[in-house]
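This report concerns only the one structure given below.
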Amino acid sequence: MIQTEKERSVILGEYMLSHKTTVRATAKEFGISKSTVHKDLTDRLPKASPILFKQVKQLLEQNKRERHIRGGLATKHKYEEQHKLYMK
């Protein structure tokens, strides 16, 4: 178990950077809420590790810029699956 919130924020930040994941994927991996991950990364990480925070912030911004693309692909995949089931 992670000892403190500061330690958790550093672990979450390092995980996101090494795996290039989203907040949602990180939350799922660690079994915590998206809100907790976001709070750790934006509020607690700058105090615990400013250098790591700068890198994580860049990844968060990149994910924010790409989220409309991910949403479109998810919708496309959903309807492709429905079409496959309908065609059987």
Residues passing the salt bridge (Lys or Arg N to Asp or Glu O under 4.0 Å) test with Glu61, sequence neighbours excluded, are none
Show which residues join Met87 in its hydrophobic cluster (side-chain heavy-atom contacts under 4.5 Å, direct or indirect), or state none.
Tyr86
Value for NZ (Lys54) from NZ (Lys57), rounded to nearest 0.5 Å, stands at 9.5 Å
Could you tell me whether Leu85 atom CG has more than 12 heavy atoms of other residues or ligands within 6.0 Å of it?
yes
Distance (rounded to the nearest 0.5 Å) between Glu80 CD and Lys76 NZ
5.0 Å
Which of Lys78, His83, Lys84 passes side chain to side chain contact (heavy atoms under 4.5 Å, CB included) with Glu81? It is Lys84
Please set out all donor-acceptor pairs under 3.5 angstrom arising from side-chain atoms of residues 36-48, sequence neighbours excluded.
residue, atom, partner, partner atom, Å
Thr36, OG1, Ser33, OG, 2.8
Lys39, NZ, Asp43, OD2, 3.1
Asp40, OD1, Arg8, NH2, 3.1
Asp40, OD1, Arg44, NH1, 2.4
Asp40, OD2, Arg8, NE, 2.5
Asp40, OD2, Arg8, NH2, 3.2
Thr42, OG1, His38, O, 2.7
Arg44, NE, Glu5, OE1, 3.1

Is there a side-chain contact between Val10 and Glu7 (heavy atoms, below 4.5 Å)?
no
Once side chain to side chain contact (heavy atoms under 4.5 Å, CB included) is applied, do any residues pair with Gln62, and if so which ones, sequence neighbours excluded?
Leu59, Arg65, Glu66
Distance-only criterion, 3.5 Å: show the donor-acceptor pairs between side-chain atoms of residues 15-27 and protein atoms not counting sequence neighbours.
residue, atom, partner, partner atom, Å
Ser18, OG, Glu14, O, 3.1
Ser18, OG, Tyr15, O, 3.1
His19, ND1, Tyr15, O, 3.2
Lys20, NZ, Leu17, O, 3.4
Thr21, OG1, Thr26, OG1, 2.7
Thr22, OG1, Ala25, N, 3.1
Thr26, OG1, Thr22, O, 2.9

